[in-house]
Asks: 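First, the structure itself, so that you have it in front of you.
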Amino acid sequence: MADTPKIYGALSQVQNELRAPKDAYNAFGKYNYRTAEAILRMAKPICELNGVVLTLSDRPIIVGDWHYIESTATATLTQDSTQQVSVTTSVRESASRAGMDSAQITGGSVSYARKYALCGLLAIDDGNRADPDVSNQHIEEKGTTEAHMAICSECGQPIKDEVVNGATYEAKRWAAQSVKKYGQPLCAHCYMEKQKAGGKT
């Protein structure tokens with residue numbers, strides 16, 4: 001029996017270790033979602049530790065009168081580039097969208113297709129709700145200081161008000177302070193753990 005390709009074991013390890021919280025907020029629909037950029041930011045260091053390289057490729061497809069963007073996410077074993085796993089997703093471009101030119105429409109479709117290709121490759125469950133990041137309308141990105149919008153980038157839990165040494169600190173303060181110091185919103189617990197670990201102050 002042939003040996004199982006090592007890429008499957010390495011990719012499985014990445015999938016098990018990866019945490020990709022929904023850290024962007026749709027103010028119009030009032031819910032959180034994740035973006036392709038956020039997934040890549042979280043996945044790259046884990047992939048490096050497990051000897052995996054992620055690549056993305058896109059190509060336009062025309063079916064009848066409709067234009068599609070086909071995005072492929074590929075995981076490649078660094079020690080053997082012949083060992084790869086790929087997932088491909090297609091997204092149809094809108095014919096038009098208010099306030100957006102053709103380049104923005106295509107760019108939004110690419111981002112949307114890439115996200116779902118990455119979700120498939122990395123076994124990320126995106127839930128049942130459709131998100132609007134293809135249009136980039138009514139979106140507030142990660143780092144917002146509104147309490148109900150902030151999700152901790154480390155543990156994926158909502159950032160809440162916390163009492164520290166008898167004083168109450170609002171969620172938006174934790175979010176704003178951690179974004180300023182560490183470049184990402186953190187809950188009180190993860191913020192203090194980062195400080196203990198020697199994060200910059």
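What you are looking at is a predicted structure, and each value in this text was computed from that prediction instead of being measured. Counting from 1, the numbers follow the sequence of the chain as shown.
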Asks: Which heavy-atom pair separates His67 from Ile62 by the least distance, and what is that distance?
Replies: CE1-CD1, 4.0 Å
Asks: In sequence, state the C-alpha distance, the side-chain angles, and the governing distance for Leu56 and Leu40, and then conclude on side-chain contact (heavy atoms from CB on, under 4.5 Å).
Replies: CA-CA 10 Å; Leu56 293 164; Leu40 287 171; 3.8 Å; yes
Asks: Roughly how far, to the nearest 0.5 Å, is OG1 of Thr35 from CZ of Arg114?
Replies: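 The CZ atom of Arg114 sits 12.0 Å away from the OG1 atom of Thr35.
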Asks: Rounded to the nearest 0.5 Å, what's the gap from OG on Ser111 to CG on Asp58? Could you check?
Replies: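 The distance works out to 10.0 Å.
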Asks: Quick check: closest heavy atoms across Gly120 and Val87, and the distance to 0.1 Å?
Replies: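 Nearest pair, atom of Gly120 first, then Val87: C-CG2, 3.9 Å.
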Asks: Step by step, would you call Thr89 with Ser71 a side-chain contact (heavy atoms from CB on, under 4.5 Å)?
Replies: CA-CA 5 Å; Thr89 302; Ser71 293; 5.5 Å; no
Asks: Is Met42 close to Leu18 at the side-chain level, that is, under 4.5 Å between some pair of heavy atoms?
Replies: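 Sidechains of Met42 and Leu18: in contact.
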Asks: For the side chain to side chain donor-acceptor pair (under 3.5 Å) test, which of Thr76, Thr74, Thr72 pairs with Ser86?
Replies: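 Considering Thr76, Thr74, Thr72, a side chain to side chain donor-acceptor pair (under 3.5 Å) with Ser86 is found only for Thr74.
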Asks: Do Tyr8 and Leu54 share a hydrophobic cluster, counting only Ile, Leu, Val, Met, Phe, Trp and Tyr and linking them when any side-chain heavy atoms are less than 4.5 Å apart?
Replies: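 Tyr8 clusters together with Leu54.
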Asks: Under 6.0 Å from the CD atom of Glu48, do we count more than 12 heavy atoms belonging to anything else shown?
Replies: no
Asks: Is a side-chain donor or acceptor of Gln83 paired with a backbone partner of Lys6 at a separation under 3.5 angstrom?
Replies: yes
Asks: Is Gln15 reaching over with its side chain to a backbone N or O of Leu121, donor-acceptor style, under 3.5 angstrom?
Replies: yes
Asks: Please test Leu11 against Leu122 for side-chain contact (heavy atoms from CB on, under 4.5 Å), starting from the C-alpha separation and ending with a verdict.
Replies: CA-CA 8 Å; Leu11 181 58; Leu122 300 173; 4.2 Å; yes
Asks: Checking Arg34 side chain against Ala20 main chain: does a donor-acceptor pair fall under 3.5 Å?
Replies: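 Yes: the side chain of Arg34 pairs with the backbone of Ala20.
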Asks: Do you know the tightest heavy-atom contact between Ala10 and Val52?
Replies: CB-CG2, 3.6 Å
Asks: For the atom pair CG (Leu49) and CD (Glu17), what is the distance rounded to the nearest 0.5 Å?
Replies: 7.0 Å
